[in-house]
Number of protein chains: 2
Amino acid sequence: MRLTPVGVVRSPLTDAGEAPKQGDEGAPEAMIVLDEGFLPALDGVAPGQAVLVLTWLDRADREVLAVPPRSDRTRTLTGVFATRSPDRPNPIGLHRVEIVAVDGAELRVRHLEALDGTPVVDIKPVLGADPADR
Amino acid sequence: MRLTPVGVVRSPLTDAGEAPKQGDEGAPEAMIVLDEGFLPALDGVAPGQAVLVLTWLDRADREVLAVPPRSDRTRTLTGVFATRSPDRPNPIGLHRVEIVAVDGAELRVRHLEALDGTPVVDIKPVLGADPADR
């Protein structure tokens with residue numbers, strides 16, 4: 001169960017304290033730069049689509065099992081499986097982004113709150129209402 | 001970037017050919033049996049909730065970069081990042097399920113199409129409209 005990075009996030013966000021907690025809370029545009037070898041896996045990914053980007057949150061603490069929601073210490077500790085905290089046993093980030101442009105193996109995206117340098121491990125389409133499109 | 005299993009899927013589904021392609025296409029009820037050590041991470045997870053279950057699709061082919069959508073060979077090959085194929089460089093399964101019951105470290109869920117024995121690596125809440133609940 002070992003993950004292979006397929007690319008990396010390039011973003012103006014470099015500090016976890018400054019990053020929005022979710023991508024639709026003010027994340028700047030960012031790039032997903034895939035390794036060229038994965039170019040065939042991008043066939044069918046196009047501007048205007050909403051996709052799910054899975055990342056490896058390499059700055060997370062994997063020993064943490066409970067956190068205050070949204071890092072608000074006035075709130076009761078909650079199990080990490082009931083939160084989106086990056087600190088969790090397997091720190092896989094799940095980000096719903098909108099594709100602005102595709103240039104070879106580089107995707108320009110909106111609403112990605114991952115930090116610069118975060119490894120990308122997968123991209124999946126958002127499931128629509130029509131099973132034929134899944 | 002090594003994943004640690006936090007639990008396992010227990011399901012009547014044992015054969016990929018018989019499993020529905022998506023959980024809302026007829027998956028039977030299933031159990032997620034977590035290792036007891038992760039019980040604190042479940043605090044706040046309750047019946048009636050919709051959650052995202054992340055699995056490791058251990059029967060997937062990681063060398064595949066393009067597939068016919070929904071295994072329909074009459075359709076044009078598409079990059080795996082534009083499909084939900086289990087065959088992909090990092091075979092992380094993403095399943096939206098509904099929690100029916102919680103009993104200690106065991107969750108009974110609806111709409112999970114993963115096969116019996118599939119390792120579970122993470123559980124995340126579905127993001128709602130209210131950021132305070134995220």
Side-chain angles (χ1 to χ4, degrees), chain A residues 1-6 21-25 34-35 37-46 49 51-54 56 58 62 64-67 69-70 72 75-85 88-94 96 107 119-125 127 131-134, chain B residues 1-6 21-25 34-35 37-46 49 51-54 56 58 62 64-67 69-70 72 75-85 88-94 96 107 119-125 127 131-134:
Chain A
M1 294 174 52
R2 194 177 296 197
L3 297 172
T4 305
V6 298
K21 296 203 184 301
Q22 300 300 335
D24 59 0
E25 297 175 8
L34 295 182
D35 299 344
F38 296 105
L39 197 50
L42 269 186
D43 187 26
V45 174
Q49 292 175 350
V51 299
L52 300 170
V53 177
L54 279 68
W56 181 253
D58 52 350
R62 304 183 65 173
V64 171
L65 295 182
V67 294
R70 291 181 65 85
D72 178 351
R75 297 179 69 179
T76 312
L77 280 183
T78 302
V80 291
F81 293 158
T83 81
R84 288 290 188 114
S85 169
R88 54 205 310 119
N90 291 298
I92 299 169
L94 180 62
R96 184 176 168 139
L107 309 178
V120 173
V121 296
D122 199 10
I123 299 172
K124 296 182 191 294
L127 293 180
D133 292 332
R134 288 185 174 173
Chain B
M1 295 174 50
R2 195 177 298 197
L3 297 172
T4 305
V6 299
K21 296 202 182 303
Q22 301 299 334
D24 59 0
E25 297 175 8
L34 295 183
D35 299 345
F38 295 105
L39 196 51
L42 270 187
D43 187 25
V45 174
Q49 291 175 351
V51 299
L52 301 171
V53 176
L54 279 67
W56 181 253
D58 52 349
R62 303 183 66 174
V64 171
L65 295 181
V67 294
R70 293 181 65 83
D72 178 350
R75 296 180 69 179
T76 312
L77 280 182
T78 302
V80 291
F81 293 158
T83 81
R84 288 290 187 112
S85 169
R88 53 205 310 118
N90 292 297
I92 299 168
L94 180 63
R96 184 177 169 139
L107 310 178
V120 173
V121 296
D122 199 11
I123 299 173
K124 297 181 190 295
L127 293 180
D133 292 333
R134 287 184 175 178

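The sequence lines fix the lettering, A, B, ..., with proteins before strands; numbering per chain opens at 1.
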Could you grab the distance from atom [atom1] of [X] to atom [atom2] of [Y], nearest 0.5 Å is fine?
| X | Y | atom1 | atom2 | value |
| --- | --- | --- | --- | --- |
| A:Leu127 | B:Arg96 | CG | CZ | 10.5 Å |
| B:Ile92 | A:Asn90 | CD1 | CG | 9.0 Å |
| B:Asp122 | A:Arg88 | CG | CZ | 4.0 Å |

Is it the backbone or the side chain of [X] that comes under 4.5 Å from a heavy atom of chain A, or both, or neither?
| X | result |
| --- | --- |
| B:Leu39 | neither |
| B:Leu34 | side chain |
| B:Pro5 | both |

**OP:** Using a cut-off of under 4.5 Å on heavy-atom pairs, state which of A:Leu94, A:Leu52, A:Leu54, A:Val51 scores highest against chain B.
**Re:**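 Top count of heavy-atom pairs under 4.5 Å with chain B: A:Leu94.
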Search all heavy atoms of [X] against all heavy atoms of [Y] and return the closest pair with its distance.
| X | Y | result |
| --- | --- | --- |
| B:Thr83 | A:Pro125 | O-CD, 3.2 Å |
| A:Phe81 | B:Leu42 | CD1-CD2, 4.0 Å |
| A:Thr78 | B:Gly44 | CG2-CA, 4.5 Å |

Original post:
Hey, are the side chains of B:Trp56 and A:Leu3 touching, using non-hydrogen atoms and a 4.5 Å cut-off?
Top reply: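 Side chain of B:Trp56 against side chain of A:Leu3, heavy atoms only: contact under 4.5 Å found.
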